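Shown next, in structure tokens, is the structure this report addresses.
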2 protein chains.
Amino acid sequence: MDIAKAAGVSKGAVSYALNGRPGVSETTRERILSIAGDLGWAPSNPARALAPGGRVGAIGMVVDRPARSLGIEPFFMQLVSGVETELAAAGIDLMLQVAEDIGAELAVYRRWAAERRVDGVVIVDLRVDDPRPEAMGVLPLPAVVLGGPGDTGGLPCLYTDDGASVREVVHYLAALGHRRIVRVAGPEDFVHTGDRTLAFQQAARRAGLEEARTVHADYTGEAGGRTTRRLLAAAEPPTALVYDNDLMALAGLGVASEMGVKVPSQLSIVAWDDSALCRLVRPSLTAISRDVFGHGRIVAGMLNRLLAGEHVEDRETPVGELQPRGSTGPLTP
Amino acid sequence: MDIAKAAGVSKGAVSYALNGRPGVSETTRERILSIAGDLGWAPSNPARALAPGGRVGAIGMVVDRPARSLGIEPFFMQLVSGVETELAAAGIDLMLQVAEDIGAELAVYRRWAAERRVDGVVIVDLRVDDPRPEAMGVLPLPAVVLGGPGDTGGLPCLYTDDGASVREVVHYLAALGHRRIVRVAGPEDFVHTGDRTLAFQQAARRAGLEEARTVHADYTGEAGGRTTRRLLAAAEPPTALVYDNDLMALAGLGVASEMGVKVPSQLSIVAWDDSALCRLVRPSLTAISRDVFGHGRIVAGMLNRLLAGEHVEDRETPVGELQPRGSTGPLTP
DNA sequence: CTCGGTGACTGAACCGGTTCAGTGCGTGAA
DNA sequence: TTCACGCACTGAACCGGTTCAGTCACCGAG
């Protein structure tokens with residue numbers, strides 16, 4: 001170790017000095033730190049990780065939504081930004097991987113664990129009967145789930161009460177006079193999709209709506225557009241559509257325009273996840289706004305504490321708030 | 001090493017067997033591989049990296065565009081997908097980091113190099129007088145540049161002839177009868193912005209346009225919208241706008257609609273980077289289409305070969321092609 | 001039968017940190 | 001004066017691979 005030589009001490013002393021541990025005098029510590037600074041030296045991460053009890057200093061995220069939707073789906077990059085902001089302070093890096101399906105995702109986790117590539121992972125898009133939490137139990141790979149609660153197999157999770165937001169949307173649309181509302185949802189096997197569906201049906205019944213259905217798509221613009229086209233072509237089309245993400249809502253708006261259906265006078269549109277997209281298009285999209293960046297920070301913080309050996313409680317984030325904009329309004333003949 | 005014990009050989013033999021190197025008999029190799037498979041064993045990455053000449057098995061990418069535009073900018077996620085697809089085959093991971101500015105980006109490279117976090121990096125968004133290539137020369141961190149050619153300080157690069165695409169756009173718009181075209185460009189200090197500007201002015205002169213200006217924005221939807229609003233409010237507004245990315249084009253389309261300017265009968269709009277967004281909105285956006293995913297694959301492959309010690313030549317990608325859609329057409333009174 | 005050569009495998013050094021059991025020294029109390 | 005104690009620091013083991021110099025058995029040629 002060249003720092004040790006330069007300072008004329010043993011490498012053990014250097015280790016103590018740099019990690020702020022007792023065992024060296026304050027003057028020696030300062031001398032070592034100053035030399036390290038001059039040399040632009042920093043401890044080798046592989047060596048550190050290799051030492052008994054050493055950590056790799058990186059966490060992983062795998063995304064397995066359809067690759068073509070990934071590019072535009074604002075959700076993930078915002079989440080990643082939030083996660084990184086939190087990790088950067090702790091000197092931890094983020095490994096990102098895209099996978100084709102949940103099987104490939106599990107293979108990535110297994111490889112990461114076997115090769116000691118990461119210290120822990122954040123699991124997103126929790127499914128019904130999700131195989132991942134159980135696999136994590138076997139894998140010695142600490143994990144935090146974004147989603148739930150429930151079905152997390154004992155893993156700590158960060159969740160939102162999506163039902164409350166759904167109820168707010170239904171009340172709002174009902175108050176505007178809408179009686180036929182269809183929800184264009186995400187994949188059926190996502191846990192939060194099921195939560196929202198349940199809340200939607202209950203709120204619709206309570207509001208005495210004439211029609212309140214949920215149809216499933218896959219978050220891509222293509223699917224959102226196709227589904228909207230089918231819905232608007234019906235004999236008695238819905239007068240309001242609620243989408244599970246903003247990309248599908250955007251596609252729906254495009255299809256409405258293409259079919260000559262006026263928004264909002266003939267059709268109201270509500271999006272979930274209020275990214276900048278919603279504000280850029282005309283009419284601007286009414287949306288349920290969540291602090292996705294903040295979610296990333298919180299979930300990264302939870303994982304950090306989990307890695308430090310602390311006990312981590314499940315945590316709930318504030319309910320997403322309805323942002324009324326130009327795409328919703330009363331029906332006008 | 002538990003595999004060695006299980007197979008009754010030394011750990012050296014295990015190393016030879018697993019890396020396909022000579023020094024073990026074929027029968028022993030198969031026995032070791034089968035035991036490793038049964039145990040779900042894989043070599044520890046930190047240990048491997050620590051060995052003399054060892055590689056970390058990860059490459060890094062830092063993105064320092066404004067954080068708020070990152071979420072929706074489809075370009076990066078597509079690029080990342082492409083990079084990963086190429087790397088996955090080689091068992092290499094990707095570290096992603098967002099930075100506030102180019103200084104923070106350099107700090108990340110320095111840390112990665114000092115701590116041996118990655119084997120190499122991909123540099124994106126090359127600037128005029130970019131400090132990064134020079135810094136890389138000092139840093140012992142192999143790098144490949146996406147952009148250029150020129151100003152890459154000797155680093156291998158993957159570049160596109162943006163000028164050709166610009167000329168195609170100008171000819172196309174001129175043929176439609178447009179005489180006043182304004183280009184809403186990205187930041188002035190990006191190398192490719194300058195390349196496009198130069199080609200734009202030349203093509204405009206050759207086409208004998210009445211007005212052909214370039215104004216600069218920062219790729220965000222907000223800036224794109226604001227700039228468009230200002231341009232359309234002029235006494236003699238342009239009849240065609242060419243945007244340097246699709247997000248600003250989308251914002252421009254929104255502003256036009258808000259101001260009652262009809263697209264394409266009163267205003268034509270062309271976007272750069274043809275993501276799904278361009279096909280989702282109405283009218284759909286005419287765009288210059290590039291295979292960003294493919295760019296990612298190629299640049300990752302170049303970095304891979306560079307890390308293997310091979311000499312890597314600069315490489316040019318196919319020119320982006322104009323995809324005419326509903327947002328462009330002749331002026332109709 | 002002997003000798004040289006080759007293939008299969010072992011043992012140990014090495015990478016660059018962390019950590020723990022000592023070691024030596026100075027100090028204050030008995 | 002002596003002894004126990006605490007502090008600053010050293011030396012060596014350790015993490016889990018890779019790699020190189022040997023060792024050994026076996027085989028074919030002379």
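Chain naming here is simple, since letters A, B, ... match the order of the sequence lines and numbering starts at 1 in each. The model shown is predicted, which means the values in this text are computed figures rather than measured ones. Atom set for the values below is all heavy atoms of this structure, side chains included, hydrogens, waters and symmetry mates excluded.
Contact annotation: R21(B) side-chain N/O to dT19(D) OP1/OP2 distance is under 4.0 Å. Phosphate proximity of dG16(C) to W41(A): absent, as no side-chain N or O sits under 4.0 Å from OP1 or OP2. Between T28(B) and dC9(C) there is a side-chain N or O to OP1 or OP2 distance below 4.0 Å. Dashed line: the shortest gap from a side-chain N or O of S25(A) to OP1 or OP2 of dC7(D) is not under 4.0 Å.
With hydrogens and angles ignored, the 3.5 Å screen pairs no side-chain donor or acceptor of N19(B) with any backbone N or O of R21(B). Between the side chain of D273(B) and the backbone N or O of R290(B) there is no donor-acceptor pair closer than 3.5 Å.
Looking at residues two or more places apart in sequence or on another chain, you find a salt bridge (Lys or Arg N to Asp or Glu O under 4.0 Å) between D189(A) and R127(A). Applying the side chain to side chain contact (heavy atoms under 4.5 Å, CB included) rule to R297(B) yields the partners T85(B), E86(B), F293(B); only residues at least two apart in sequence or on another chain are considered. With sequence neighbours excluded, the residues that form a side chain to side chain contact (heavy atoms under 4.5 Å, CB included) with R55(B) are D119(B), L307(B). Taking R48(A) as the reference, nothing meets the salt bridge (Lys or Arg N to Asp or Glu O under 4.0 Å) condition, with sequence neighbours excluded. The side chain to side chain contact (heavy atoms under 4.5 Å, CB included) check on A47(A) picks up S44(A), L50(B), with sequence neighbours excluded.
Looking only at side-chain heavy atoms (C-beta outward), M61(A) and V121(A) stay at 4.5 Å or farther from each other.
Annotation: proximity of residues 45-52 of chain B to DNA chain C (heavy atom, distance under 4.0 Å) is found for L50(B), A51(B), P52(B), numbered in ascending order. Contacts with DNA chain C (heavy atom under 4.0 Å) in residues 31-39 of chain A: none are found.
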Donor-acceptor contacts under 3.5 Å from residues 87-98 of chain B side chains, at least two apart:
residue, atom, partner, partner atom, Å
D93(B), OD1, R111(A), NH2, 2.8
D93(B), OD1, W112(A), NE1, 3.4
D93(B), OD2, W112(A), NE1, 3.2

Show which side-chain atoms of residues 132-151 of chain B pair as donor or acceptor with protein atoms under 3.5 Å away, not counting sequence neighbours.
residue, atom, partner, partner atom, Å
R132(B), NE, D130(B), OD1, 2.9
R132(B), NE, D130(B), OD2, 3.2
R132(B), NH1, E105(B), OE1, 3.4
R132(B), NH1, E105(B), OE2, 2.7
R132(B), NH1, V124(B), O, 3.0
R132(B), NH2, V124(B), O, 3.2
R132(B), NH2, D125(B), O, 2.7
R132(B), NH2, D130(B), OD2, 2.6

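Counting non-hydrogen atoms of neighbouring residues, nucleotides and ligands closer than 6.0 angstrom, the CZ atom of R31(B) exceeds 12 such neighbours. At most 12 heavy atoms of other shown residues, nucleotides or ligands fall within 6.0 angstrom of atom CG in D129(B).
Distance CG (L18(B)) to P (dT18(D)): 7 Å, rounded to an integer number of Å. For the pair R117(A) CZ and dG16(D) P, the computed distance is 17 Å after rounding to whole Å. As rounded to whole Å, 11 Å separates atom P of dG17(D) from atom CD of E115(A). Separating the CG atom of N19(B) from the C1' atom of dT19(D) is a distance of 11 Å, rounded to the nearest angstrom.
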Identify the pairs formed between an N or O of the protein and an N or O of nucleotides 10-13 of chain D at a distance under 3.5 Å, and give each distance.
residue, atom, partner, partner atom, Å
dT10(D), OP2, S10(A), N, 2.7
dT10(D), OP2, S10(A), OG, 3.0

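Pairs engaging residues 299-309 of chain A under the salt bridge (charged side-chain N to carboxylate O under 4.0 Å, His left out) rule: none recorded [sequence neighbours left out].
In the helix from dC1(C)-dG30(D) to dA30(C)-dT1(D), the end axes, each obtained as the rotation axis mapping the C1' atoms of four pairs onto the next four within a five-pair block, lie 60° apart to the nearest 10 degrees.
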